[in-house]
There are 2 protein chains.
Amino acid sequence: MSPVKHSIREKGDIRARILATAWQMVKEEGWPSLSIRRIAEAVDYSVPVIYDHFENKEAIVLEFARQGFQLLSKNIQKAMEKATEPAEQIRAIADAYWKFASKHKEYYQLMFSMGMPGCELEKCFPERADFRVMVMKPITALIEKGEHPNDNPFLKYFTFWSTLHGLISIRSLNGVVSEEVNKMVMDDAVNGFIKNLG
Amino acid sequence: MSPVKHSIREKGDIRARILATAWQMVKEEGWPSLSIRRIAEAVDYSVPVIYDHFENKEAIVLEFARQGFQLLSKNIQKAMEKATEPAEQIRAIADAYWKFASKHKEYYQLMFSMGMPGCELEKCFPERADFRVMVMKPITALIEKGEHPNDNPFLKYFTFWSTLHGLISIRSLNGVVSEEVNKMVMDDAVNGFIKNLG
DNA sequence: TACTTTTGCCTAACAGCGTTAGGTAAAGTA
DNA sequence: TACTTTACCTAACGCTGTTAGGCAAAAGTA
């Protein structure tokens, strides 16, 4: 094959085009069908060019994970600002988390259910620490005002997050159950959590 | 290469040997490194022989999923029989579920976090319905005796399961946190759940 | 016994994957 | 002009799941 004339190509950052193309593929066909070769074809370059911009496939995926954590943090922050009462803030956080998982399934899947190897800790994604700090704030406030001021906020944060994550991932295992029921279950669980804090 | 003399081979069911070998590989090296070719090599047959016994790779994996659901159901049942009080039964179930996930990580991963395509529903794994029925029994009992007899038992079952699953999967995302802390979080969440029922 | 069919098992391939070695040709620089 | 850097390519390696087609021995049948 003759070398492709690249005058047609947008000179814009190839790296950005790789990411954009990859993301489109993921949204249209899911993570499993994302492949370096198909990205290369889509951006109209040969395969090794991809490796000029990313060390390997994992690096591309990691980039998206970072984006996901940033977006989640931003959404949580926005949600928190809408409320002042700690209990209301917790409800707002749960709601925002739920919406994020629904609206950005690809991100959520990648961030929490794809088992990114070697990236379990907050060191790999600093944004995860941001999330933790934000969520722990109203929890701590509620504990201090409540009847069990000696409760461990970190433990409670952990419980809270687990509950949310559990509901979201079980939801995808139970295709039948309607979205409404799922939301009811979550509200129920969150209310229970808040009640236990106060 | 000359055809292998099969007198050495155990004449025992090849199908069983395939499964045993595959399971050993999974336990030693994890799901990702399970491959038809490596199974074939290990059982000392050529690749197509595997396809004489299983339609494809997914069929092998599905077999393990079935085994997992059966084992979980058995464990839950045993745990329930140890207690008579509904609240105690719920605690026992949570404990058994937790232990199952810890002891049989490969099963748990496969059953709930690997996204078996096309097998979300109970139709695919009848054992999942057994699990639901068993867990709902003490939950229903507790609701009837409690202050909110109109609560929906299915909803509560859903909440309960989600909480457990959340804790378990978040645990694997937070490599740092010790097993003890994890267990504390779970006991805390389960106690909160029970309190909300009564 | 002689012939046919079935069984058991194989090699070799197809199409896809992530990744890399090595080469060409144009562009920039001394 | 000569040299280096840049941009990009082809072709391969080794891995994956899956399948087509063939050979040889065993089993069934006339």
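Excluded from the calculations below are hydrogen atoms, water molecules and symmetry mates; all remaining heavy atoms, backbone and side chain alike, are included.
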Nearest of [options] to any side-chain atom of [X]?
{"X": "Ser46(A)", "options": "dT19(C), dC9(C), dC9(D)", "result": "dC9(D)"}
{"X": "Lys57(B)", "options": "dT18(D), dC9(C), dG18(C)", "result": "dT18(D)"}
{"X": "Pro48(B)", "options": "dC9(D), dT19(D), dC17(C)", "result": "dT19(D)"}

Rounded to whole Å, please give me the gap between [atom1] in [X] and [atom2] in [N].
{"X": "Ile14(A)", "N": "dT6(D)", "atom1": "CD1", "atom2": "P", "value": "14 Å"}
{"X": "Arg38(B)", "N": "dC15(D)", "atom1": "CZ", "atom2": "P", "value": "10 Å"}
{"X": "Ile39(A)", "N": "dC17(C)", "atom1": "CD1", "atom2": "P", "value": "10 Å"}
{"X": "Ile36(A)", "N": "dT20(C)", "atom1": "CD1", "atom2": "C1'", "value": "13 Å"}
{"X": "Tyr51(A)", "N": "dG18(C)", "atom1": "OH", "atom2": "C1'", "value": "4 Å"}
{"X": "Ile18(A)", "N": "dA7(D)", "atom1": "CD1", "atom2": "P", "value": "13 Å"}
{"X": "Glu41(B)", "N": "dC9(C)", "atom1": "CD", "atom2": "P", "value": "18 Å"}
{"X": "Glu29(A)", "N": "dG16(C)", "atom1": "CD", "atom2": "C1'", "value": "14 Å"}

Exercise for the section: Give the ring-plane orientation class for Phe158(A) versus Phe154(A), where under 30° counts as parallel, over 60° as perpendicular and anything between as tilted. Expected result: parallel
Exercise for the section: Measure the acute angle between the ring planes of His165(B) and Phe112(B), then classify it against the limits of 30° and 60° as parallel, tilted or perpendicular. Expected result: perpendicular
Problem - Output field: ring centroids Trp23(A)/Tyr107(A) closer than 6.0 Å - result: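 Judged by ring-centre distance (under 6.0 Å), Trp23(A) and Tyr107(A) do meet the cut-off.
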Practice task
Verify whether the ring centers belonging to Phe131(B) and Tyr97(B) lie closer than 6.0 Å.
Solution key: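 Ring centroids of Phe131(B) and Tyr97(B) are less than 6.0 Å from each other.
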Problem - Any Ser35(B) side-chain nitrogen or oxygen under 4.0 Å from OP1 or OP2 of dC15(D) - result: no
Practice task
Give a yes/no on whether any side-chain N or O of Tyr45(A) is located under 4.0 angstrom from OP1 or OP2 of dC8(D).
Solution key: yes
Handout entry: Sugar-phosphate, base or nothing in reach of Leu34(A), heavy atoms under 4.0 Å
Key =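 Sugar-phosphate only.
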Practice task
Remember a base hit wins even if backbone is also touched, and classify Ile50(A) as base, sugar-phosphate or nothing at under 4.0 Å, heavy atoms.
Solution key: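 Since no nucleic acid heavy atom lies under 4.0 Å of Ile50(A), the category is nothing.
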Handout entry: Of Val49(A) and Arg37(A), the one whose closest DNA chain D nucleotide lies more 5'
Key = Val49(A)
Practice task
Before giving the answer on side-chain contact (heavy atoms from CB on, under 4.5 Å), spell out for Tyr51(B) and Ile36(B) the whole-Å C-alpha distance, their side-chain angles and the decisive distance to 0.1 Å.
Solution key: CA-CA 9 Å; Tyr51(B) 287 89; Ile36(B) 299 277; 3.8 Å; yes
